[in-house]
2 protein chains.
Amino acid sequence: MDNLWEPIQPPGSLAGRIAERIEELITAEQLRPGDRLPPERELATMLGVSRPSLREAIRSLSARGRLAVRHGQGVFVEEPATTKRLTHSLTSYEHDLDELFAMREVLEVPAAGWAAKNRTDVGIEWLQDAYDKLIEATRDPVDWDEVQRLDAAFHEAVVRVAGNRFLMRTLGVLNEIMVTGMETTLRLPGRLEKSAGEHTRILEAIKAGDSRAARSAARAHIRGAYAAARRHMDSPVAAEAGEM
Amino acid sequence: MDNLWEPIQPPGSLAGRIAERIEELITAEQLRPGDRLPPERELATMLGVSRPSLREAIRSLSARGRLAVRHGQGVFVEEPATTKRLTHSLTSYEHDLDELFAMREVLEVPAAGWAAKNRTDVGIEWLQDAYDKLIEATRDPVDWDEVQRLDAAFHEAVVRVAGNRFLMRTLGVLNEIMVTGMETTLRLPGRLEKSAGEHTRILEAIKAGDSRAARSAARAHIRGAYAAARRHMDSPVAAEAGEM
DNA sequence: TCCGGCCAACTGGTCTGGCCAGTCTACCTT
DNA sequence: AAGGTAGACTGGCCAGACCAGTTGGCCGGA
C-alpha cells in the first residue's frame with residue numbers, strides 16, 4: 001500500500017473544480033437551460049472562493065458554450081442547441097468545412113478504388129453487412145444518431161477493405177471530428193434517399209471490382225454531402241427547429 | 001448625424017478580445033504548438049491589461065484546448081487535438097512501406113495541385129526558400145541528416161501553400177513516421193540528383209500555377225522515392241552501415 | 001570530487017477590496 | 001399619465017499582495 005500519503009488538497013486548480021461543480025449541476029438538471037445563476041459575489045461566498053476564481057471558472061464554461069454571461073443581467077445556463085453550433089464558430093468551423101471535405105474526397109476516393117481492387121470475400125461480407133444495417137435503420141421511425149453512426153460504419157468498412165491502415169486511421173479521426181463537430185446532414189430533406197442511392201453505387205462497384213466506377217461513385221457521394229452541408233450552413237435556422 | 005460619439009472602447013469583453021488576439025497569433029503560426037507564452041505578469045503589461053483579465057482569457061482558451069497551463073512552468077500552446085489523435089493512432093502500430101507510400105501519394109499529389117492553384121507571393125517565397133536551402137545542403141560534404149530535414153521542410157512548404165490544415169497535419173505526422181522509422185533513400189546512388197530534379201519540376205509547376213503539372217511532378221517524385229526505397233529494402237546490407 | 005540539501009528566482013494560483021459600466025425598476029417630476 | 005432620473009442590482013476591470021509549485025545554482029559536508 002503506497003497510497004498512504006493522500007494529497008490533502010483536492011486535485012486540480014480551484015477554478016477548474018468550480019467549473020466541474022457547476023457543470024455537474026447542469027448535467028444533473030439542478031440547473032436548467034435559461035436559469036440564472038446567483039450573482040457572482042453571492043455565488044463566490046456560497047462556494048467559499050474568491051470572485052476572480054469563480055470568474056475564471058465561468059469564463060471556461062462560457063468558452064465551451066455551457067454558460068452565457070450578460071453584462072448587467074447575470075450568468076445564464078446555455079441551451080445545448082447553441083452549444084453545438086457554438087463549437088462550429090469557436091473552432092472557426094465555416095472555414096474548416098471546405099478543408100474537411102476536400103480532405104475527405106482526397107482520402108475516400110482512392111479508398112473506394114482500392115477497395116474495388118483488393119476486395120475479398122470477407123471484405124464484401126463486411127460491406128454488405130454494414131450496408132444492410134444502414135438501410136434497415138433508415139426505415140421509420142428514423143433514429144438519427146443511429147443512422148449517423150451506421151453511415152460512418154459503412155465508410156469505415158470501405159476503407160477497411162481498401163487495406164491501408166494509415167488511410168483507415170486518418171479517416172477515422174476525420175470522421176470523429178465531423179461527428180462531434182457538426183450534426184449529420186442526412187436529415188436534410190431528400191438527402192437520406194440520395195445518400196442511400198450513392199451508397200448502393202459504391203457497394204455495387206466494389207463488389208464488381210470496378211475500381212473506376214467505385215472512385216467516381218465515392219467522389220459523387222462526398223460532393224453530394226458537401227453540397228448539403230454547405231446549404232445547411234447557409235440556412236441553419238430550419239435545423240434549429242429540430243430538437244438538437 | 002448621431003454617430004458623433006463613437007465608442008472609444010472596442011466592442012466585446014476585454015478578456016474575449018485578448019483571447020481572440022492570442023488565438024490569431026496561434027492560427028497565424030506566430031505561435032507554434034509547444035511554444036511558451038511570456039509570463040502572465042509580463043504579457044499583461046505588454047497588452048496593457050490587468051492580470052485577472054489576461055487570466056480569464058487564458059482560461060477560456062485552455063478550456064477550448066488551445067493553451068495548456070502548467071503551474072510553475074508557464075503557459076504553452078497546445079497541439080491541435082486533431083494532430084494529437086492522428087499521431088496517437090498512426091504511430092501505434094508497425095509500418096508497412098507499401099501503405100505508407102500509397103498514402104503519401106494520395107496526399108501529396110493533391111497537395112501539389114492545390115498549392116499550384118492557391119499559391120500566393122509569400123507562399124512562393126516559402127517554397128523558394130525551402131528549395132534553395134535544400135539545394136545548398138546537397139553540396140559536398142553532404143550532411144545527410146540535414147538534407148533529410150530540409151527535404152521534409154520542402155514538402156511541408158508545399159502542403160502549407162496548399163492551404164489545407166488537415167492535410168498539413170496528416171502529412172506532418174506521416175513524415176515524422178518516415179523520418180524516425182526509416183533512413184532517407186536520398187543517399188542511394190543517383191537518388192539525390194534525381195530527387196533534386198523532381199523538386200525543381202514541382203516548384204516550377206507551382207510557381208507557374210500549373211496544377212496539372214504540379215500533380216504529375218509530385219506523383220513522379222513519390223513513385224521515384226518509393227522505387228528507391230523498394231530497391232533499398234531488397235539489398236539493405238550496404239545501407240545498414242549507415243547511421244539512420 | 002561528488003553528492004545532498006538548501007535557498008532564491010522564476011513560474012502560475014488565489015485572494016482582498018475597490019471602482020467602473022451596463023440594466024432594470026421604482027419613484028419622482030413635469 | 002408620461003417622462004426622466006436615481007439607485008440598486010448585475011457583471012467588468014484593476015491594483016497589489018501573498019501562496020504554491022518548479023527549477024537551477026550555490027554551498028557545505030562526505
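Per chain, numbering begins at 1; letters A, B, ... match sequence-line order.
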inquiry  = Measuring only between side-chain heavy atoms, which start at C-beta, is B:His221 closer than 4.5 Å to B:Ile202?
reply    = yes
key: Upstream residue (5' side of DNA chain C) when A:Glu56 and A:Gly72 are each assigned their closest nucleotide   = A:Glu56
task = Could you list all the side chain to side chain donor-acceptor pair (under 3.5 Å) pairs where at least one residue sits in residues 121-134 of chain B, not counting sequence neighbours?
result = B:Gln128-B:Asp132, B:Gln128-B:Lys207, B:Asp129-B:Lys133, B:Tyr131-B:Thr200
If you restrict it to nitrogen or oxygen atoms, what contacts under 3.5 Å exist between nucleotides 17-19 of chain D and the protein, and what is each distance?
none

ask   = Would you call B:Glu42 and B:Arg51 a salt bridge, using N to O less than 4.0 angstrom?
value = no
query = In whole Å, what is the span from the CD atom of A:Glu40 to the P atom of C:dG22?
reply = 16 Å
query = How is A:Pro52 classified with respect to the nucleic acid when contacts are heavy atoms under 4.0 Å: base, sugar-phosphate, or nothing?
reply = base
query = Whole Å only: how far is the CG atom of A:Leu47 from the P atom of C:dT14?
reply = 14 Å
ask   = Whole-Å distance between D:dC9 P and A:Leu37 CG?
value = 19 Å
request  = Starting at atom CZ of B:Arg55, determine the distance to atom C1' of D:dG12, rounded to an integer number of angstrom.
outcome  = 17 Å
task = Find the distance B:Ile18:CD1 to D:dG12:P and express it as a whole number of Å.
result = 13 Å
ask   = So do the side chains of B:Trp114 and B:Val161 get within less than 4.5 Å of each other, counting heavy atoms only?
value = no
task = Start with the C-alpha gap between B:His155 and B:Val159, add the side-chain angles, then the distance that decides, and say whether side chain to side chain contact (heavy atoms under 4.5 Å, CB included) holds.
result = CA-CA 6 Å; B:His155 284 260; B:Val159 194; 5.5 Å; no
query = C:dT14 C1' sits how many Å from B:Ile58 CD1, rounded?
reply = 15 Å
query = Given C:dC15, is OP1 or OP2 found less than 4.0 Å from the side-chain N or O atoms of A:Ser53?
reply = yes
note = Sorted by chain and residue number, the salt bridge (Lys or Arg N to Asp or Glu O under 4.0 Å) partners of B:Arg119 (sequence neighbours excluded) come out as none
remark   = Walking DNA chain C from its 5' end, the first of B:Arg59 and B:Pro39 to be reached, judged by nearest nucleotide, is B:Pro39
task = Just compare D:dG12, D:dC13, D:dT22 and give me whichever is closest to any side-chain atom of B:Gln73.
result = D:dT22
Gap between atoms CD and P, on A:Glu42 and D:dA8 respectively (whole Å) = 17 Å
ask   = Are side-chain heavy atoms of A:Ile58 and B:Glu56 found at a separation under 4.5 Å?
value = no
